[in-house]
Amino acid sequence: MKEKLAKLIDVKSIMTLSLTAGFVILTCMGDISNQDYMDIFKLIVIFYFGTQAGKKKEE
């Protein structure tokens with residue numbers, strides 16, 4: 001359990017979650033259009049899961 005929590009609290013995870021929260025807030029405020037939000041969110045998710053898949057292959 002501690003290992004899973006430690007993996008969740010690495011820098012990459014924190015950056016992904018904070019960027020996602022930031023873009024959600026900006027979208028709700030109307031500063032970013034829905035299409036821009038989706039494009040940015042896709043890039044963040046693809047990067048995050050792509051690097052996670054790369055780690056699993058190395059192990």
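Hydrogens, waters and symmetry mates are skipped; everything else that's a heavy atom, side chains included, is used. Throughout, residue positions are numbered sequentially from 1 according to the sequence presented.
For the atom pair CD1 of Ile40 and CG of Leu26, the computed distance is 8.5 Å after rounding to the nearest 0.5 Å.
In terms of hydrophobic clustering, with Ile, Leu, Val, Met, Phe, Trp and Tyr side chains grouped at heavy-atom distances under 4.5 Å, Leu43 and Met38 are assigned to different clusters.
Listed by chain and number, the hydrophobic cluster partners of Met29 are Ile25, where partners are ILVMFWY side chains within reach of under 4.5 Å, directly or through others.
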